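What follows is a short report on a single structure.
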Amino acid sequence: MTASSTETTGFGPTRALDGSLTTRWSSKYTDSQWIKFKLTAAIKVKQVVVRWEKACASSYSVMTSVDGVTWTTYPRTTPVCGVDTVTINGTTPVQWIKIQGVKRATTWGYSIWEAEVYGAK
């Protein structure tokens, strides 16, 4: 798991996938920050749920990839703070997920309590 930046060591990228709603990843205070992670196995993704803290995005994208190089983008252009569910309905199994901030909704960085990935059945 990697991120373009981290506000401080206590808000590292692993915090967005630790299963806790009391820890979070937080970026530096600039636009265009991201977090990406590799799933343990390739799956057909149905949806990605992003649980934003108050430092949220006015626009961002959820991206999926088979190889971590070529990405399929699902843009979100409505400001979302709180819980945002992004429908993917992927037909190809992917192993990489990236949450790419475009524009911040606040003066802070981006901050995600938790990211959840759900596969198609």
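Below, each value reflects all heavy atoms present in this structure, side chains not excepted, and no hydrogens, waters or symmetry copies. As the structure is a computational prediction, the values presented were derived from the model and not from experiment.
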Minimum side-chain heavy-atom gap [X]-[Y] below 4.5 Å:
X	Y	result
R15	I112	no
I97	T64	yes
V48	Y74	no

Let me check something: do [X] and [Y] share a hydrophobic cluster, defined by ILVMFWY side-chain heavy atoms less than 4.5 Å apart, either directly or through other members?
X	Y	answer
V102	I99	no
L39	W71	no
V117	W96	no
V66	M1	yes

What are the two closest non-hydrogen atoms of [X] and [Y], and how far apart are they?
X	Y	result
G109	A55	O-CB, 3.1 Å
A3	W25	CB-NE1, 3.5 Å
T87	Q47	CA-CB, 4.2 Å
V86	R76	CG2-NE, 3.6 Å
S61	P75	OG-CA, 3.5 Å

Could you tell me whether the side chain of [X] and the main chain of [Y] form a donor-acceptor pair under 3.5 Å?
X	Y	result
T106	W108	yes
S58	K103	yes
T77	S59	no
S20	T22	yes
E7	Y29	no

Look at atom NZ of K44 and say whether more than 12 heavy atoms of other residues, nucleotides or ligands are closer to it than 6.0 Å. no
To the nearest 0.5 Å, what is the distance between [atom1] on [X] and [atom2] on [Y]?
X	Y	atom1	atom2	value
K38	D67	NZ	CG	10.0 Å
T6	I35	OG1	CD1	8.0 Å
E116	R51	CD	CZ	4.0 Å
E53	L21	CD	CG	12.0 Å
Y110	S5	OH	OG	10.0 Å
I43	I88	CD1	CD1	10.5 Å

Distance-only side-chain donor-acceptor flag, S4 / Q33, under 3.5 Å: yes
T14: which residues meet the side chain to side chain donor-acceptor pair (under 3.5 Å) condition with it, sequence neighbours left out? none
Taking the six-membered ring of W34, is the NZ or CZ of K36 close enough (under 6.0 Å from the centre) and on axis enough (within 45°)? yes
Geometric class of the W52/Y60 ring pair [parallel <30°, tilted 30-60°, perpendicular >60°]: perpendicular
